[in-house]
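Lettering of chains follows the sequences in order, A, B, ..., and the numbering in each one begins at 1.
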Amino acid sequence: MLAYRAGDAEAFTTLYRRYRGSLYRYLDRHCGNTALAEELFQEVWIKVINARAGYEPLARFSTWVFRIARHRLIDHYRQQAPRLAASFAPLGMNDELDPVDELIDQLPAADHETPHALLERRTTAERISLALADLPVAQRDVFLLAEEGGLTLDEIAAATETGRETAKSRLRYALGKLRHSLRDLL
Amino acid sequence: MSEPLRDSPRDPKLSALYRQFSVAEPSAALDQRVLAAARAALADHRVPLRGSWWSRWRTSLALATTLVLSLTLALLHERQPAYRSTPPTSEPTLPEVRRDAPSDPLAERAGPTPATVSAVPAAALQKPSAASGKIAPSSPAGASENEAPAAARSTAESASPKQDERQVWPAAPAATSAEAKRESPWPAPVESTAGVKERGETARPTAARSSSVLRDTSPAPAESSVDQARSPAVWLDEIRALRRAGQIEEAARQLREFRRAHPDYPLPDDLRR
């Protein structure tokens, strides 16, 4: 990014190729709409391009670019549904004691997500997508940041503007639910 | 790096399954759009560098322009009193006029006719002296010597010729001269120069001399232009002389007129009291 800021267009190409897939999937998994994901994806990269002059390597580029993507998603959800945006908002340190999360954790997987029904109707990829879609937004966000962005817990905490323990708890819940939903595939 | 990963919740099997079936990628067209935008941004960045000359220098240019304008205005403002002093510069001779005016009614009448005065060329300035030599050849050399400085209006000698004038000419009441000044503020300088000229011409008022005054008023413009160059200082000296002579009221009135004529002229401390 520093090379691109200095005027090296090829440096941006390298950077883009390295993160294009993971960033796109992060957006696609979140919004579940290919057209919208492409629109958001382009907007995120335009923001990266426009922010090159003020870019300082305070963190890994992946942390920075996924943080931009997350903020763009929040903006989108604010425009579409304030309730969804609120679910993105950072919670307090007692997030792991959130009764909603505990309730979700105790709920069984939906009937349409059972392996038999899904194997008949959809491919495994679709099942994974649905399993992700069933996750609470905050948990899905943490899971995607870890899987697609390769961010550590500290980086996830910084990107989501929460505490490290909160991010860790959300990731644990997300993994548990996905294991439960996809247990026949594991 | 390994420390944060160690306590991080992980499920390698789930991660492998997720990555195996997560192969969605942006379209090639989208890739091209983003890469083109990145290149365009670099190209746009170079254009402002070329065009940044104005943005870099506009502040300096604006300051320089402001400075030049301010200096020009200041210079014009400094020169302005010189222009404004043109009409009033003839006023310092007013006291002499007022002293001289009652003594020579013909000259007083000749005063308000500047057309006749200006019609005569400045070369005629030399004429009165020659005429005076003819008219009053018997005038004492001492008198002409005493009055020559009055014509020259040197600052130091300006007081003594007036005393001579007072001796030669009958003392004029101050009220009369003030009235003459009020009635004709502008023609008076011409008249005064005529009177001054007269003083240079001869010290004795005669009927022939009175008629020659009408002719001799012609050099007044040229002479008044000489007065204009030094009028404020000369005027102030005359005011000082009036004070020294004990004519306090006259001096005060002259000072008021001076301040009206030269509002920007710094008044000396001795005259402020």
B/R19 CZ to A/R25 CZ distance, which is reported to the nearest 0.5 Å: 9.0 Å
Where B/P26 and A/G21 come nearest, the two heavy atoms and their spacing: CD-CA, 4.4 Å
Side chain to side chain contact (heavy atoms under 4.5 Å, CB included) between B/L30 and A/R20, worked out: CA-CA 10 Å; B/L30 186 56; A/R20 61 187 276 278; over 6 Å; no
Chi angles and distances behind the side chain to side chain contact (heavy atoms under 4.5 Å, CB included) call for B/D31, A/W45: CA-CA 10 Å; B/D31 289 344; A/W45 282 108; over 6 Å; no
Audit row: B/S22, A/E147, side chain to side chain contact (heavy atoms under 4.5 Å, CB included) steps and yes/no: CA-CA 10 Å; B/S22 292; A/E147 287 296 328; over 6 Å; no
Minimum heavy-atom distance between B/A41 and A/I49, given as atom pair plus value: CB-CG2, 3.3 Å
Straight-line distance of A/E126 CD to B/F21 CZ, nearest 0.5 Å: 11.5 Å
Atom of A/I46, atom of B/A37 and distance for their closest heavy-atom approach: CD1-CB, 3.5 Å
Value rounded to 0.5 Å, distance of CD1 in A/I128 from CG in B/L14: 8.0 Å
Beyond-backbone contact of B/L42 with A/R52, side-chain heavy atoms, under 4.5 angstrom: yes
Sole candidate of A/L182, A/L144, A/L178 that passes side chain to side chain contact (heavy atoms under 4.5 Å, CB included) when paired with B/Y18: A/L144
Proximity breakdown for A/R29 and chain B, heavy-atom pairs closer than 4.5 Å: side chain
Heavy-atom neighbours of B/E249 CD exceed 12 at 6.0 Å: no
Toward chain B, the part of A/L132 with a non-hydrogen atom under 4.5 Å: side chain
Closest heavy-atom pair and its distance - B/P9, A/L153: CD-CD1, 4.1 Å
A/D8 portion near chain B, given a 4.5 angstrom heavy-atom threshold: backbone
Validation row: A/R179, B/K13 side chains within 4.5 angstrom (heavy atoms): no
Toward chain B, the part of A/Y4 with a non-hydrogen atom under 4.5 Å: both
